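For reference, the structure discussed in these notes is given below.
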Amino acid sequence: MTDQTSAARASSTTQDRVLIFDTTLRDGEQSPGATMTHAEKLEIAQLLDEMGVDIIEAGFPIASEGDFAAVSEIARQSQNAQICGLARAQFGDIDRCWEAIKHAKQPRIHTFIGTSPLHRAIPNLTMDEMADRIHETVSHARNLCDNVQWSPMDATRTEEDFLCRTVEIAINAGATTINIPDTVGYTAPRESAALIAMLLEKVPGADGIIFATHCHNDLGMATANSLAAVEAGARQIECTINGLGERAGNTALEEVVMALKVRNDIMPYQTGVDSSKIMNISRRVASVSGFAVQYNKAIVGKNAFAHESGIHQDGMLKNAETFEIMRPEDVGLAETNIVMGKHSGRAALRSKLENLGYELGDNQLKDVFVRFKELADRKKEIYDEDLIALMRIATDPETDRIKLKSMRVVCGTEGPNAATMTLVVDGTEQNTEQTGDGPVDASFNCIKALVPHTARLQLYQVAAVTEGTDAQATVSVRMEEDGRIVTGQSADTDTVVASVRAYVHALNRLLVRREKGGTDKREVSYKDVG
């Protein structure tokens, strides 16, 4: 048995260790519109490393120069986690992956190929040809790196005999981890458990390696399927922050970690994740990806620890355990009586944000404090939701070529609305007046006139942060141009101003990616590992 297996299957207690493999930066980033900047990827990787994630799948190095650079930098900076790169079952992919991760303290190559009948048809390989390809590519990867993970894509729809055959080949070729992906979210918990148990029983040498589970949430069973696999013998869970990922997303890291912690009585397994850091990274991933967390999302949703029913409130006042199965502080939340307003100072703001799950450096605090004061001048009381909205506003020093200086909108019930706007573009003030079908449309037309572009608006979303006429509006914008997808966010008590700033934020990011010559685009065609 390898040292890696021993670490995963033994601890200072009698409980087995379950490795947490986070693929937010790879599978999560494949969500349409969730593309992150280089700096954002490094930041998320650092947060994952600090919270105790065992393996970080940092990206798909051959996909683009941008992906390669991010994976390479994450590999160099990681202090604790294994750094993994994804590679198709091709020598070129594997070589490129190794070049990106080789400087990590603990590098891992993850290579895959689709084994189900549907996926075998894509490269048009027979079973024997695919078996040869698996042996050759896994052997090649193992010659480069002693930590190799192999995945049979669409494993849950692969014939049982052929799945056993390919897993055995991968093990014999040197794979140290076998990942079993439910690529299309098709399986159910009892099937997930039975599949892992069957492989452990039938495949020679299976007891000497780690089996992993990678589940998608198309039928809403990703977390249940992952936990069922663990109970059957899997000792690695692949997951993402907030369940981000292709289509309906992946297994949510926060859900499996807290399920194993809260229900340790029936699932006696340990992870190395510091759950108190969950809320901070959840909110940061939501901000940089542009994918807001639904209010009723388990563990990290706005309502996860909220109680409005009179019966529930009465029970909570008498004993919190009446209606809460975990403590807010377990996931990085804390109760506080600090009331925030225009007279509040930096120390109070830092304390409040820490209670809300945010950890800020001095420079970050300085930037947020300026925006907090601006908001406090317009609102009598600053609610927790207002502060969270402030934290969601991305600040990209490198993407400030376009700035909003002033705007004026004229609205009416008859005829088109009009907007007058002044933007600072590359240091030069430019003015225009445009009309449109509503104040937001007119404002966006001003931006298009001053900064011509062909980007298509894919998403325009407005959400009220709190109640009342002085409530902030949080606006999310997603734009696409020539395969580049960017997002922008902003919040303001004026919905039109928030809309313009979100649009400008997205446009600034688009200009940066244009200048990079498409290095942040996915330059190869590939399918999801699971």
Side-chain angles (χ1 to χ4, degrees), residues 1-9 19 21 23 26 54-63 67-68 71-72 74-76 78 81-115 123 125 127-153 155 158 162-181 196 199-200 202-214 234-236 238 526 529-530:
M1 187 177 289
T2 64
D3 291 341
Q4 181 188 8
T5 305
S6 299
R9 297 190 174 179
L19 300 174
F21 178 112
T23 184
R26 199 279 300 170
D54 297 286
I55 306 104
I56 299 172
E57 189 165 50
F60 187 29
I62 205 166
D67 250 28
F68 179 87
V71 174
S72 181
I74 290 169
R76 294 175 186 274
S78 175
Q82 298 177 37
I83 302 302
C84 178
L86 180 68
R88 294 169 298 184
Q90 298 178 12
F91 290 167
D93 276 42
I94 294 169
D95 290 341
R96 188 67 168 161
C97 179
W98 174 243
E99 284 299 313
I101 66 168
K102 66 181 182 181
H103 297 292
K105 292 181 178 179
Q106 301 179 76
R108 175 185 289 200
I109 294 175
H110 180 191
T111 183
F112 72 97
I113 194 167
T115 55
L125 295 175
M127 288 183 173
D128 289 341
E129 289 171 337
M130 181 164 286
D132 291 340
R133 174 79 66 87
I134 293 167
H135 177 77
E136 293 168 354
T137 53
V138 173
S139 296
H140 183 67
R142 185 57 192 265
N143 286 334
L144 297 171
C145 181
D146 62 6
N147 187 351
V148 176
Q149 176 170 314
W150 179 75
S151 293
M153 184 165 63
T158 299
F162 186 60
L163 182 62
C164 289
R165 178 186 176 189
T166 57
V167 168
E168 182 179 358
I169 290 170
I171 292 173
N172 290 336
T176 52
T177 298
I178 298 294
N179 175 47
I180 304 300
I196 295 294
L199 291 169
L200 286 170
K202 290 188 175 182
V203 177
D207 60 345
I209 56 115
I210 290 176
F211 272 76
T213 180
H214 178 120
R235 289 297 177 264
Q236 177 179 299
E238 303 207 351
Y526 66 99
V529 176

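Keep in mind it's a predicted model, so treat the numbers as computed, not measured.
Of all heavy-atom pairs spanning Asp146 and Thr176, the tightest one is O-CG2, 3.6 Å. Here the closest heavy-atom approach between residue Ile196 and residue Ala212 is recorded as CD1-O, 4.4 Å. Contact between Ala155 and Thr115 at its shortest, heavy atoms only, is CA-OG1, 4.4 Å. For the pair Ser151 and Pro181, the tightest heavy-atom approach, listed with the atom from each and the gap, is CB-CG, 4.0 Å. Cys164 and Leu199 get closest at one heavy-atom pair: SG-CD2, 4.0 Å. What you find for Ala175 and Ile209 is that their closest heavy atoms are O-CG2, 3.7 Å.
Taking 4.5 Å as the limit, every side-chain heavy atom of Asp132 sits out of range of all side-chain heavy atoms of Ile169. Taking 4.5 Å as the limit, some side-chain heavy atom of His214 sits within range of a side-chain heavy atom of Thr23. Within the 4.5 Å cutoff, the side chain of Ile62 has heavy atoms near those of the Arg88 side chain. No side-chain heavy atom of Ile171 sits less than 4.5 Å from a side-chain heavy atom of Trp150. Under the 4.5 Å side-chain criterion, counting only non-hydrogen atoms from C-beta, Cys84 is not in contact with Ile56. Annotation: side chain of Pro204 is in contact with side chain of Glu168 (closest heavy-atom distance under 4.5 Å). Taking 4.5 Å as the limit, every side-chain heavy atom of Pro61 sits out of range of all side-chain heavy atoms of Trp98. Side-chain contact between Arg235 and Phe211 is absent, with no heavy atoms from C-beta onward closer than 4.5 Å.
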One pair to check against side chain to side chain contact (heavy atoms under 4.5 Å, CB included): Arg26 and Val71. What are the steps and the verdict?
CA-CA 10 Å; Arg26 199 279 300 170; Val71 174; over 6 Å; no

Could you go step by step and tell me if Thr158 and Thr166 meet the side chain to side chain contact (heavy atoms under 4.5 Å, CB included) rule?
CA-CA 10 Å; Thr158 299; Thr166 57; 5.8 Å; no

Where do Ile55 and His110 land on the side chain to side chain contact (heavy atoms under 4.5 Å, CB included) test, with the steps shown first?
CA-CA 11 Å; Ile55 306 104; His110 180 191; over 6 Å; no

Using the rule given for side chain to side chain contact (heavy atoms under 4.5 Å, CB included), can you reason through Phe21 versus Thr177, listing the C-alpha separation, both sets of side-chain angles and the distance that settles it, and then say yes or no?
CA-CA 11 Å; Phe21 178 112; Thr177 298; over 6 Å; no

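Defined by atom type and a distance below 3.5 Å, a donor-acceptor pair is missing between the side-chain atoms of His135 and Asn172. Glu238 and Gln149 share a donor-acceptor pair across their side chains, judged by distance under 3.5 Å alone.
When atom types are taken as modelled, the side chain of Ser72 and the backbone of Phe68 share no donor-acceptor pair closer than 3.5 angstrom. Side-chain atoms of Ser78 do not come within 3.5 Å of backbone N or O of Ile74 as any donor-acceptor pair. Side-chain atoms of Thr111 come within 3.5 Å of backbone atoms of Ala87 as a donor-acceptor pair (strictly under, hydrogens ignored). Asp67 contributes a side-chain N or O that, together with a main-chain N or O of Phe60, makes up a donor-acceptor pair within less than 3.5 Å.
Scored by the side chain to side chain contact (heavy atoms under 4.5 Å, CB included) test, Ala75 finds Ile83, Ala104 as partners (sequence neighbours excluded). With sequence neighbours left out, Thr213 forms a side chain to side chain donor-acceptor pair (under 3.5 Å) with no residue at all.
In this structure, CZ in Arg96 is found 14.5 Å from CD in Gln90, a value given to the nearest 0.5 Å.
When each of Arg142, Gln82, Gln106 is checked for a side-chain hydrogen bond (donor to acceptor under 3.5 Å, both in side chains) with Asn147, only Gln82 meets the rule.
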